[in-house]
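Have a look at the structure below before the remarks.
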Amino acid sequence: MICAHSRQQYPPPSARTPVYKDECTKCFDHNLLPQGIDVCLSCFNGGCTDNDRNHSLLHSKDFNHPLVLNIRQVLKQKGQDAESPPPAKLTKLAISGESADDKYDIITSVRCLSCGGVEIDKMQPNLIGVVDGILAALSARKQSDVKSWEENELTSCDHITGLVQSAPKPLEPQAISHCSNCDLKENLWLCLSCGNLGCGRQQMGGLAGNGHGVQHFMNEMHPVSVKLGTITPEGTADIYCYACDYERVDPKLATHLRNFGINIESQQKTERTITELNLEFQNFQFGMTNEEGKLLEPVFGPGFTGLSNLGNSCYMASVIQTIFNITPFQMRYLELFVTHTPTCRDPTANCFLCQMAKLADGILSGRYSVPVNNSRRDEEEKEKLIEEQHGVAPFMFKNLVGKDHPEFSTMRQQDAFEFLQHLTRMIEIKERPFGNTDPTLVFQHILEDKLRCQGCNCVRYTDTKMSFNNLLVPVRPIPSNVVVIDGKQEVQYEPVTLEDCIRETWKSEFEYRCPECKDVRVAERSTRVKVYPQVLVVAMNRFVYENYVPKKFGVDILAPLDLDLNPFRGTGLQEGEVELPQTNDQPAAAESQLNQEVMGQLQMMGFPEIRCKKALLATGNSADTEVAMNWLIEHMEDADIDDPIPVSVPNSESVGASQGDISMLCDMGFTVSQAKYALKQTNNDVERAVDWLFSHPDDPMEDVKTSTSNTTPPKQIEQDAKPANYKLIGFISHRGTSTSCGHYVAHLKKKFEGKEEWVLFNDEKVVKVEDIGKAVKEGYIYFYERL
């Protein structure tokens, strides 16, 4: 059939045009479903066609885009493609162009939604080009994957291109047979400056390492090393620049190795690369069997939807599953799926609220939590596998929250706790214009810091608004208790309670200049909770730094299922206590805003508190520990490094903020006066200004003229006298030697058939857990809900 709308011209998509042909942009309906997906011939938006939502028809009416290409993928019957040749063996990670998959038949039709959905002849001359263009184009998801891998492409650096090597000296075979500082014979890194051989850091999968390679860098400042055993005649190898703290490539590797008498053409690869180790670990079945070795029972239905791994995305999946197990997040974004999603005219893939609502529907509706059709597998293979579900693949969400972020925009593994903080901040910003709808308010609480001078016994109380707590884990080796695991000796540690970790973190002593004693005194700091959160989130810092190398300790955390925080209730100034005199020192105000998480990590490395504060002040209160640590290393020999922080007075004549920066903050829901004041307090740094505004919601901002705003002020958290009793509702666990590698999963308490059960979310696999006794001890981030 031909209609008036089909006579129009429809240009095909360009190479850079996003083509949403895999799934609907507003929900997770996809082209494997019987009704398929409609791709708009005008803008290439993807829309579902199901009768109860039909986002395709909604898009057509909203934008007056009449024609769509319906795409369905139908699984071929077993044996249908038996004569097809086997696929070529992949020799490297690659993303190829899309064509008809060998497993599916692709069925297409063109329909006009403005004419009641009648089918149009897709062979019309003016339609052939756009139809063929859509089918041949990389889907939006595939384009995203390509972009992420391209951003993840390793490059060289100035330390490699400007590498200075010692005089040529051929290395004897015995010199490169083991680490120069220990007996390790694998995971060995050759310094390309001097030829020193040092073992690497311990890697996931049991690869041993004592960090002598990085220790050599700290001693000699020789930045670049190559991992022996990964060198190939083609010139590829694991190259690491310690100065950049990043994997690199060395275009002149053959020349650099020749300096030590190593002929690259004679090298053979004998060890796994860092990438291979990481990919191998991603396939690890994280506790998917019980103690008898039987597969755990899979569960399906509302609230039991898995998330497909998009490539090192388990950190994101574990956080998403956990926050959507919290009632305010469920209510807010399920409501938006009904009220906001159908009416939003912004590009759906770029609308944060649309993508959060899409996730809520995808995870909680049960629509996508159904067993996979495994008809193509033989019976023996099925018995070895947990009954699977496709789950949902949140690639649009990942693209949006990771956009322009140096880490979350890549395909590399990340720290789940850092992602939780990043996502929470985004939600706070996007929800601010709507007033009291922000579900992250359940995390907010106020800590009361008490400082007492041991000289005069005077005290000072300071309130700090928090959303999360990063707790230190006491490390107590058990004397003479060393066990052999996988052929390696492992030190055993005493288990610690969660309360032990709270006390360890919330109490300390340090030297400071007392304004009452007017001399340097020892001060005692203790922390209590002034305002309790509805949901308490604590991350366990299981890492310590030995010679600036992170080392993870296998300390069991005795995290209770029921937590009593009443002993940690703040009391405020007590009768008989004398307050320390108030001072007008500007540094005191600045120091109160310092990133406490980075402060704690720097102090764990052994740096004195005064140096840590100076590093953060000098680096703009950076949230990146590495940046502050590099500043400390560069200034360790400064004569005044341990001097008190001088009093500074802000220069009222300093250059004002740009209109662009002010507008950016106003777009987040802040007033012009708030934006100007925050930028002034943070030396016109937009990112720091956002942090400052969220941490100072009650600041009067008296030096800026008041202005009116229609923005509803956010709800303030208030102190109460209710019991502070909590129950564990979920925890995120991590396996691996570093938070930026390995694998993350989430254990969540769910209502199942009328009773509460613990459920394990491991990417797209969702199973009931009979006993969490062992798993709860290995938690990384715990979530407790107030009763």
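One-based numbering along the sequence shown.
- Val473 has its side chain within reach of Ile557: a pair of non-hydrogen atoms, C-beta onward, lies under 4.5 Å apart.
- Listed by first then second residue, pairs satisfying side chain to side chain donor-acceptor pair (under 3.5 Å) with a partner in residues 314-325 read Asn325-Lys750, not counting sequence neighbours.
- Judged as a side chain to side chain contact (heavy atoms under 4.5 Å, CB included), and not counting sequence neighbours, the contacts of Asn469 are His445, Leu447, Met466, Leu471, Trp506, Leu536, Val538.
- Evaluation of the side chain to side chain donor-acceptor pair (under 3.5 Å) test over residues 529-538, restricted to residues two or more places apart or in two chains, returns Asp463-Lys530.
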Decide side chain to side chain contact (heavy atoms under 4.5 Å, CB included) for Glu448 and Val529; before the verdict, give the C-alpha distance in whole Å, the side-chain angles of both, and the deciding distance to 0.1 Å. CA-CA 6 Å; Glu448 176 186 276; Val529 185; over 6 Å; no
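- The two residues Tyr784 and Leu561 make their nearest non-hydrogen contact at CE2-O, 4.3 Å.
- The shortest non-hydrogen separation linking Arg521 to Cys514 is CG-CB, 4.2 Å.
- Scanning both residues, Ala724 and Arg569, for their nearest heavy atoms gives N-NH2, 3.7 Å.
- Here the side chain of Tyr782 pairs a donor or acceptor atom with the backbone of Val776 at under 3.5 angstrom.
- In this structure Glu524 satisfies the side-chain hydrogen bond (donor to acceptor under 3.5 Å, both in side chains) test together with Arg452, sequence neighbours excluded.
- Nearest heavy-atom pair, Gly779 versus Met540, reported as atom, atom and distance to 0.1 Å: O-CG, 4.0 Å.
- The side-chain hydrogen bond (donor to acceptor under 3.5 Å, both in side chains) search around Lys774 returns Glu778, not counting sequence neighbours.
- Classification of the Phe408-His422 ring pair by plane angle, with boundaries at 30° and 60°, yields tilted.
- With respect to Glu577 and Arg460, no salt bridge is recorded, no charged nitrogen being found less than 4.0 Å from a carboxylate O.
- For the pair Glu431 (side chain) and Ile429 (backbone), a donor-acceptor distance under 3.5 Å is absent.
- With sequence neighbours left out, the ring pair (Phe, Tyr, Trp, His ring centres under 6.0 Å) criterion links Phe443 to Phe329, Phe468.
- Put simply, the side chain of Arg476 never gets that close to the backbone of Val496: no donor and acceptor are under 3.5 Å apart.
- A salt bridge links Glu756 with Lys727: the distance from a Lys NZ or Arg NE/NH1/NH2 to an Asp or Glu carboxylate oxygen falls below 4.0 Å.
- Considering every non-hydrogen atom in both Val442 and Pro533, the closest pair reads O-CB, 3.7 Å.
- The cationic atom of Arg332 (NZ for Lys, CZ for Arg) lies less than 6.0 Å from the six-membered ring centre of Phe434 and within 45° of the ring axis.
- Side chains of Asn566 and Asn725: a donor-acceptor N/O pair is present below 3.5 angstrom, by distance only.
- Checked by atom type and distance alone, the side chain of Tyr461 pairs as donor or acceptor with a backbone atom of Gly572 at under 3.5 Å.
- Under the 3.5 Å distance criterion, with hydrogens and angles disregarded, no donor-acceptor pair is assigned to the side chains of Asn541 and Tyr780.
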